[in-house]
Amino acid sequence: MAEDLIRYDLLVQDALRGVVRKVLTDAAREGLSGEHHFYISFRTEAPGVRMSQRLREKYPQEMTIVLQHQFWDLNVTEHTFEVGLSFSGVPERLLIPYDALSGFFDPSVQFGLKFDLNEGAEAEDAAETPTAAPKPGPRGAASEPAEIKPKGTGLAPVAAGPKIVPALPIAREAKEAEDGGKDKDKAKPEAAEKGDKEASAEVVSLDAFRKKN
């Protein structure tokens, strides 16, 4: 499969964040419609997140807020949104970039979005692709032995080996024929014994025939 240089995955993530931005913009301008309300999860350690130190210590990695009944001053911009919420009776104001979002859920219609938490790492990897360009070199070098192997298996000694083995008895038989067939008689003692027995059987049958006459 070819390398995705367009990065469709990142484009989809940006488009989905645009959905959240549009929904929050409508909610800030007109309020929540019907039974709609939102659960928004975000990474508290992400760049650009602004929250009190108390909340940051309580939620060092991820936090979920609910925009339903008690929230105020929802302000939506192109890259961030800001909202006031109450936590255990203490009012707080949070500034959250869309890049920090990890999830969005509207329970009223069971609609949810999940964002890739490793997108930042993937973006860094994509930025480092020019330095990683030499990687195809080792891949090509690794494929060279695969090309050499078929040549190695097709070498004459390997293919001719099995053919040479049955040819050895033929050479021996040629030598045996030159020596007068001595080795042939030794190599076939059973055949010779059978021949003698058959010959003796013929002699006995002739003697018996003569006695009858």
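Quantities reported herein were computed from a predicted structural model and do not represent experimental measurements. Numbers here are sequence positions counted from 1.
Residue Leu55 is grouped with residue Leu74 when hydrophobic side chains (ILVMFWY) are merged at heavy-atom distances under 4.5 angstrom, including chains of intermediate members. At a threshold of 4.5 Å between side-chain heavy atoms, the hydrophobic network of Ile, Leu, Val, Met, Phe, Trp and Tyr places Phe81 and Trp72 in two separate groups. With hydrophobic clusters built from ILVMFWY side chains whose heavy atoms lie under 4.5 angstrom apart, Tyr39 does not share a cluster with Val23. Under the 4.5 Å side-chain contact rule for hydrophobic residues, Val19 and Leu32 share a cluster. Residue Phe104 is grouped with residue Phe71 when hydrophobic side chains (ILVMFWY) are merged at heavy-atom distances under 4.5 angstrom, including chains of intermediate members.
Of all heavy-atom pairs between Ala27 and Phe38, the closest is CB-CE1, 4.1 Å. Pro97 and Thr80 make their closest contact through CA-CG2, 3.7 Å (heavy atoms, listed as atom of the first residue, atom of the second, distance). Nearest heavy atoms, Tyr98 versus Thr77: OH-O, 3.2 Å.
Applying the 6.0 Å contact sphere to CZ of Arg54 captures more than 12 heavy atoms from other residues, nucleotides or ligands. No more than 12 heavy-atom neighbours from other residues, nucleotides or ligands sit within 6.0 angstrom of CD on Glu35. Atom CD of Gln110 sits in a crowded spot, with more than 12 heavy atoms from other residues, nucleotides or ligands closer than 6.0 Å. By the 6.0 Å contact criterion, CD on Glu30 is enclosed, its count of non-hydrogen atoms from other residues, nucleotides or ligands being greater than 12.
The shortest distance between side-chain heavy atoms of Ser52 and Phe87 does not fall below 4.5 Å. Using a 4.5 Å heavy-atom cutoff, the side chains of Arg17 and Asp14 are in contact. Counting heavy atoms from C-beta on, the side chains of Leu24 and Ile40 come closer than 4.5 Å.
In summary, of the residues considered (Asp106, Leu67, Asp26), a side chain to side chain contact (heavy atoms under 4.5 Å, CB included) with His36 occurs for Asp106 alone.
In this structure, Ser86 contributes its side chain and Pro91 its backbone to no donor-acceptor pair below 3.5 Å. Between the side chain of Arg43 and the backbone N or O of Asp99, at least one donor-acceptor pair lies under 3.5 Å. At distances below 3.5 Å, at least one donor-acceptor pair connects side-chain atoms of Gln13 with backbone N or O atoms of Asp116. Listed for the Arg21 side chain is no donor-acceptor partner under 3.5 Å among the backbone atoms of Val76.
The CZ atom of Arg56 sits 11.0 Å away from the CZ atom of Arg50 when rounded to the nearest 0.5 Å. Note that CD of Glu45 and CE of Met63 are 13.5 Å apart. Values are rounded to the nearest 0.5 Å. Atom CD1 of residue Ile65 and atom OH of residue Tyr59 lie 11.0 Å apart, to the nearest 0.5 angstrom. Separation of atoms CD1 (Ile96) and OG (Ser41) is listed at 9.5 Å; rounding is to 0.5 Å. Here Ser102 contributes atom OG and Gln61 contributes atom CD; the two are 11.0 Å apart, rounded to the nearest 0.5 Å.
Comment: Glu82 engages Arg93 in a salt bridge, judged by a side-chain N to carboxylate O separation of less than 4.0 angstrom.
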